[in-house]
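What follows is a set of notes on a single structure, which appears directly below.
Keep in mind the model is a prediction, meaning the values are calculated, not measured. Per chain, numbering begins at 1; letters A, B, ... match sequence-line order.
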Amino acid sequence: MKVGQPEKFIIDGKRLDGRAVDELRPLKIKAGVLKRADGSAYLEWGGNKVIAACYGPREVHPKHMMRPDRAVLRTYYNMAPFSVIDRKRPGPDRRSQEISLVTRQALEPVVLTNLYPRTAIDIFIEILQAQAGTRCTGITAASVALADAGIPMKSLVPACAAGKVDGEIVLDLFDIEDNFGSADLPVAIIPKTGEVTLLQMDGNLKGDEFERAFKLAVEGCYQVYEKQKEALIEKYGGGD
Amino acid sequence: MKVGQPEKFIIDGKRLDGRAVDELRPLKIKAGVLKRADGSAYLEWGGNKVIAACYGPREVHPKHMMRPDRAVLRTYYNMAPFSVIDRKRPGPDRRSQEISLVTRQALEPVVLTNLYPRTAIDIFIEILQAQAGTRCTGITAASVALADAGIPMKSLVPACAAGKVDGEIVLDLFDIEDNFGSADLPVAIIPKTGEVTLLQMDGNLKGDEFERAFKLAVEGCYQVYEKQKEALIEKYGGGD
Amino acid sequence: MKVGQPEKFIIDGKRLDGRAVDELRPLKIKAGVLKRADGSAYLEWGGNKVIAACYGPREVHPKHMMRPDRAVLRTYYNMAPFSVIDRKRPGPDRRSQEISLVTRQALEPVVLTNLYPRTAIDIFIEILQAQAGTRCTGITAASVALADAGIPMKSLVPACAAGKVDGEIVLDLFDIEDNFGSADLPVAIIPKTGEVTLLQMDGNLKGDEFERAFKLAVEGCYQVYEKQKEALIEKYGGGD
Amino acid sequence: MEDIISEVERDYIASLIAEGKRIDGRGFDEYRPIEIETGIYQKADGSAKVTMGNTLVAAGVKLIVGEPYSDTPSSGVLTTSAELIPLAAPTFEKGPPSQEAIEVARVIDRVIRESGAVDFDALCITEKEAVWIAFLDLHILDYDGNLFDCGTLAAIAALLNTQMPKYEDEMVIYEEKTGPLPVRDKPMETTFVKIGKGIVLDPNLNEEQVLDARLTIGTNQDGDICAMQKGGPGTFTQEEILELVNKSKEKAKELRKLL
Amino acid sequence: MEDIISEVERDYIASLIAEGKRIDGRGFDEYRPIEIETGIYQKADGSAKVTMGNTLVAAGVKLIVGEPYSDTPSSGVLTTSAELIPLAAPTFEKGPPSQEAIEVARVIDRVIRESGAVDFDALCITEKEAVWIAFLDLHILDYDGNLFDCGTLAAIAALLNTQMPKYEDEMVIYEEKTGPLPVRDKPMETTFVKIGKGIVLDPNLNEEQVLDARLTIGTNQDGDICAMQKGGPGTFTQEEILELVNKSKEKAKELRKLL
Amino acid sequence: MEDIISEVERDYIASLIAEGKRIDGRGFDEYRPIEIETGIYQKADGSAKVTMGNTLVAAGVKLIVGEPYSDTPSSGVLTTSAELIPLAAPTFEKGPPSQEAIEVARVIDRVIRESGAVDFDALCITEKEAVWIAFLDLHILDYDGNLFDCGTLAAIAALLNTQMPKYEDEMVIYEEKTGPLPVRDKPMETTFVKIGKGIVLDPNLNEEQVLDARLTIGTNQDGDICAMQKGGPGTFTQEEILELVNKSKEKAKELRKLL
């Protein structure tokens, strides 16, 4: 048992932060928060505070990354040193490199990269405060930042995780649940078709538990999607 | 109070190395000391032993640093591992990177970079022995090395620091004064016009103290300028 | 005296692994063991297990390494982390960089690089298990990999070391002899002419000891050469 | 990991799959021939070499003694690394591990960790002070696709092959062994790729180069899911995912039998 | 930090300034609108977010316990870093800090250190053995010029906001706080740039791109000068410098009132 | 280290050598003029500056106290580094040491170590705990060929010049010295290059640029061979090697007399 692990995660049907098992943390999204970036978004999702910026289409450096038939989509996930209790040393570590990779693959299916051959579309995700679920927060933010930059996309991409604590399937883990829980399953989807663009899992789930957690995460994605649309309507008016 | 700090820095009007408050450390400059470099200079300034070399105008690598309208001036300040009491690990640290930057900006106002578009002029400053004031020593040496390389300049650039110890304003700090004193103010100038090309300060100076220290440093620069000219006359004959 | 040093290295004319002083460790060579590489070879030489791969002639990156009149030959010697008792940290260290360099120079005299101007021929040597003599093992393997890739060569290059333990000159040191012995002398030759393409030494040898060790190492090379030819005949039939 | 492949090849492989065929003649749910050798690198404390078709992975385990992490003061430590060394493919480059190498290592690490395969508590020597630290290094020697499954197999084979060195007077004596590393489970990963509308197991390099999406599923010997990783520029439907999860358990059992 | 700007823009900004005007309509000695929020990143021990026009800097302070330097055995340690992350400007690059980022961090560090703003002696826990080490990280989020002044303001605001965690049984308990970080001064930096013959305060990005010379002056709350840094490819006259030193004190007072 | 040189120059130097002449008029077995100054960098514990023709190497020794290696618990440590700084030649680059710099440092380190020049046992302070660690740094300032011989000479001169600082109460007091570093031998390296059919000693830069093969031989003062290193893209015959080994001892004696 790890140091600091609580005895129970769910008491009288409520989680330690007061939520029901299928309840998202509060989520606020604001599009267009930076001046220099071509597009940007700021998210507060529970205790996560995340900013995403998009630059592009723009010239590709180094040149050998250029693709003759499409834009290269590049994603960079980074944690501010003060975003976590134990100061994060600046620079990419293995975890952030993996998250950068799956973030790119979560967004690639919707971005119409073929419209801008020989260019780069760069997405930067900065975690200013982390409370578990930062990769879903980052993908959700990045998708809004892309829209804010006017990059043509088939769809927004909302992301949300489900997991298991105390043997129960719960939506949208926060940090204590993430650190000491028994499974975490982040998912990103294309809302119109329900197709899955991100899927990772670590922990221990029986087959039926997986199915329930997966469906719960997908439902979470649809809730997140509503917030994404609201943020864009707030800035631009109209629906997506 | 730091370990090793002396009780007094000035005793009977003399500093711990025997100098008067407005007296420079002994300064010797020799131009043209290296065979391979296009220009070079060796300085002994008190306990500082510094060599500067200039290469250029030459091809620019990497290419993206090339400027269509002028030469890029690049400066590299480096300390030999054995130049200080506590061995310096090889490679640039934050301090040497900042010094490289301000050294470049101290020299840029005089170098006629527009005469050599699409080229690089590289200046390397190697500190072989350090006794405080190495950035001024480096700028002074670099300026002579540029002249030795025949790079067209509006002027030589001499540099010199003033500072404060025991509440008194003094010229050209040596290492004990620098480590334990209360202010250090390195300055570089263009002698003909008196314009300032380098100005840094750290410590604590009242407004009038600053003015006195600043003027003392400028006077020091003019003394250094005489030595620069002598070195060039010694090698090439004639005045600057 | 180092921790773990045996009292005697040669007892009743036999070395600690049972060999005579002029006896090679068992050596097995297999050509063409990898699918992706253009040429490859696997060697077991005593307790050394080494794989070498050759790619090329192929495009040169970065471009500035390209030579208008010949192929560049590049060699990379690397140890797997689990190849030695004390885990080797991944990545090149100073030792492996030096070995990469002398390996290249051991092979350069025989590779007809002028036939493929503006290309690169890359040789990768991977040490999977090390028991002393890995540089000779690597050169021997690389030479077979080059042949397997069909790179035109004047000759194969066999390599073998001699050394001194207990005051005696012995052939092909194994790890205990290498760690605690008093000299190591790796040699590589061009068999037809007897010319020497690799020669390094560290330890302490009188003039006559050197001459004996050197000649013994050269004899070892000729034995290794027979194995190289057998490996190629086994794969391709015919002699070299 | 990105080899360039012509549009023509892409179309050819995809159209084969649309017809229910694979480029190397295998069934959609069929692994390539697998060979496992263990204990072959004697300077390692445990080792294995696994070939899956032409993909070749060497794995070695080295044990050292060090301090535990402060939040798990009585647990040993496992550090999994993968190196895509330039020997293994013309597209692999020198230098620090690529994102792909990091992903492979992390996903393999995850299934080992989450399945509880290694009994980390048994690796504690003195609480808060000294625990065994296991370095599991995966060395890719020949790259013809599907590093996740081949690498996991090599990793588990090497862990099962590992003998604990003796620890005495604050020194590790590598020459003396005290018994096997405590391994309690044999987790496996199974990787499927979607090309067009078809989904195939154990992609070879040609298939990886044209994949739309990739799904790796790691399960323990009870059939619980312990790790998943979707990759590739495309998507899976939810139905496809649920179906692959079921199929994965069967295929993992097959792999496990090889150990 | 080097954005490319056309000669035309350069001439336009310079000629405006020659006429006594600025591109954004401000007076020569006028700061852009400034907003300060503190305590907004709760995983930090202290934090602040400062906007100066469109420049946006987030600052966080993290405290750990470590060994003192051997020449100051009873003093805490401050480490100031600045990251010009590529989110903040199209010209910022990934990788280790640029010379510009290092300069910004070092000049801000200098004014904090030399003004005695932090009482380092009060950060000693056990002489020679354990002292508090404060990491002050400046994260540039949107870059529209004048990082020195905006960054210093964010740094001081974050330091003033910092609460000391509890230290007990050789463990830091971040959840419990024992009181504020001992901050004794509020040093400020004020930055002027010379464009042609004119000198203006608080350059925005457009002005920075065409500057001839830059002068940053740091003062403590008594008006003493604690740090100076000249930048840019051009020069200042001695008279200009003395004049700016005087002006700097006033402007620093204005900034200090915002805290 | 690879300067570009035209075919014409190559042919000229080779044809001169074929006629028994060198480009700078020296005999085949003649060193360029050598000057040695010692004790010139006072922050170092030992130092030397050596010129060999136009090649200029500065060497400094710094001593610190640290832990011994676990396999030599009662021996001091020597760490030799060489930096080919970009000041010394237009072709030297910034960044981590090149393969050439590493080779120079390692071959010089080897001859010092294998000759037993430094009495490492005398550098033990407390077994297993504290030993002297000597950093020997070679700084190439002007590069006109033959770094091996010039560097070894500078290294040995600096070691002979080194005074041990005092060690008291677990502190090194650099200002007080307790006696010379225990140096027992004066190993030397001599470097020959083969150009066409001729072999010459102490190559200058022009000769290095056209060499076919290079052989460096290190000997101790008894004339035993302690280190050898062949370089270059060409070969030596076995006879040439045996002959050079003999010649090397004589030439090393000449060098040793200069100390």
Side-chain angles (χ1 to χ4, degrees), chain B residues 1-5 65 67 69-70 73 75 86 92-102 104-111 113 154-155 157 179-180 182-190 193-211 213-215 217-218, chain E residues 2 4 7 69-75 79-81 96-107 109-111 113-116 121 185 187 212-220 222-242 244-246 248-249:
Chain B
M1 199 180 196
K2 285 204 242 174
V3 172
Q5 183 166 344
M65 294 191 75
R67 291 289 167 266
D69 58 337
R70 59 185 166 89
L73 184 67
T75 49
D86 292 312
D93 57 9
R94 291 159 51 104
R95 176 179 169 276
S96 62
Q97 294 222 55
E98 187 194 346
I99 296 181
S100 294
L101 176 66
V102 297
R104 172 165 63 76
Q105 294 173 335
L107 298 168
E108 265 179 334
V110 302
V111 180
T113 53
K154 287 196 271 183
S155 166
V157 174
N179 291 339
F180 302 111
S182 44
D184 184 26
L185 177 77
V187 172
I189 63 164
I190 300 175
T193 61
E195 287 166 283
V196 174
T197 73
L198 170 85
L199 176 64
Q200 293 188 282
M201 203 282 276
D202 67 273
N204 190 305
L205 292 176
K206 303 275 170 212
D208 64 313
E209 289 176 333
F210 169 75
E211 192 166 339
F214 179 49
K215 289 186 169 162
V218 168
Chain E
E2 224 173 316
I4 287 153
E7 279 300 315
Y69 288 115
S70 62
D71 60 344
T72 53
S74 58
S75 295
T79 298
T80 305
S81 305
S98 60
Q99 278 190 341
E100 284 77 16
I102 288 170
E103 186 186 30
V104 165
R106 283 177 62 84
V107 174
D109 184 85
R110 213 169 280 156
V111 83
R113 196 175 300 280
E114 298 296 344
S115 67
D121 292 343
D185 202 311
D212 292 305
R214 190 194 68 224
L215 186 63
T216 298
I217 301 165
T219 51
N220 67 11
D222 293 338
D224 302 344
I225 305 153
C226 297
M228 296 181 75
Q229 186 87 344
K230 182 257 168 188
T235 64
F236 285 101
T237 67
Q238 298 176 33
E239 297 68 37
E240 285 166 346
I241 288 167
L242 295 173
L244 292 177
V245 162
N246 279 326
S248 168
K249 290 177 203 174

Worksheet item: Just checking, is any N or O donor in the side chain of E98(B) or Q229(E) under 3.5 Å from an acceptor N or O on the other one?
Response: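 Present: a donor and an acceptor within the cut-off.
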Worksheet item: Is there a side-chain contact (heavy atoms from CB on, under 4.5 Å) between Q200(B) and M228(E) once you walk through the steps?
Response: CA-CA 5 Å; Q200(B) 293 188 282; M228(E) 296 181 75; 5.8 Å; no
Considering only heavy atoms and a distance below 4.5 Å, find which of [options] pairs most often with chain B.
| options | result |
| --- | --- |
| R110(E), R113(E), E239(E), E114(E) | E114(E) |
| E240(E), Q99(E), K249(E), R106(E) | R106(E) |
| T216(E), D212(E), N246(E), L242(E) | L242(E) |

Item to complete: Evaluate the side-chain contact (heavy atoms from CB on, under 4.5 Å) criterion for residues F214(B) and Q238(E): first the C-alpha distance (whole Å), next the side-chain angles of each, then the deciding distance (0.1 Å), finally the verdict.
Response: CA-CA 9 Å; F214(B) 179 49; Q238(E) 298 176 33; 3.8 Å; yes
Worksheet item: If you round to the nearest 0.5 Å, how far is CG of D86(B) from CG of D71(E)?
Response: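 Spacing of CG (D71(E)) from CG (D86(B)) equals 8.5 Å.
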Worksheet entry | Gap separating the SG atom of C226(E) from the CE atom of M201(B), nearest 0.5 angstrom |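 Rounded to the nearest 0.5 Å, the SG-CE separation comes out at 6.5 Å.
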Could you tell me which portion of [X] (side chain, backbone, both or neither) has an atom closer than 4.5 angstrom to a non-hydrogen atom of chain B?
| X | answer |
| --- | --- |
| L215(E) | side chain |
| S115(E) | neither |
| N220(E) | side chain |

Worksheet item: In chain order, what residues pass the side-chain hydrogen bond (donor to acceptor under 3.5 Å, both in side chains) check against D222(E), with sequence neighbours excluded?
Response: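 If we apply the side-chain hydrogen bond (donor to acceptor under 3.5 Å, both in side chains) test to D222(E), skipping adjacent residues, there are no hits.
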Discussion item. Is it the case that atom CZ in F180(B) sees more than 12 heavy atoms from other parts of the structure closer than 6.0 Å?
Written reply: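 Yes, the 6.0 Å shell around CZ holds more than 12 heavy atoms from other groups.
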Item to complete: Using the salt bridge (Lys or Arg N to Asp or Glu O under 4.0 Å) rule, collect all pairs that involve residues 199-209 of chain B, keeping only residues at least two apart or in two chains.
Response: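 Every pair satisfying salt bridge (Lys or Arg N to Asp or Glu O under 4.0 Å) with a residue in residues 199-209 of chain B: K164(B)-E209(B), K206(B)-D224(E).
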Item to complete: Considering non-hydrogen atoms only, spot the tightest contact between P109(B) and G234(E) and give its length.
Response: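 Closest approach of P109(B) to G234(E): CG-O, 3.7 Å.
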Discussion item. On a heavy-atom basis, which atom in I225(E) and which in G207(B) lie closest, and how many Å separate them?
Written reply: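 For I225(E) and G207(B), the tightest heavy-atom pair comes out as CD1-CA, 4.4 Å.
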Discussion item. Between T235(E) and V196(B), is there a side-chain heavy-atom distance shorter than 4.5 Å?
Written reply: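 No, their side chains stay 4.5 Å or more apart.
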Worksheet item: Can you find a pair of side-chain heavy atoms, one from Q105(B) and one from P233(E), that are under 4.5 Å apart?
Response: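 Of all side-chain heavy-atom pairs linking P233(E) with Q105(B), none is under 4.5 Å.
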Discussion item. Here's a test for you: under side-chain contact (heavy atoms from CB on, under 4.5 Å), which of V102(B), L198(B), L199(B), V187(B) qualifies with K230(E)?
Written reply: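 The side-chain contact (heavy atoms from CB on, under 4.5 Å) with K230(E) is passed solely by L199(B) among V102(B), L198(B), L199(B), V187(B).
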Worksheet item: Are R94(B) and E103(E) ion-paired here, with the side-chain N under 4.0 Å from a carboxylate O?
Response: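 Looking at E103(E) together with R94(B), the answer is no, because their closest N to O distance does not fall below 4.0 Å.
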Item to complete: Let me know if I190(B) has heavy atoms under 4.5 Å from chain E in its side chain, its backbone, both or neither.
Response: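 The side chain, not the backbone.
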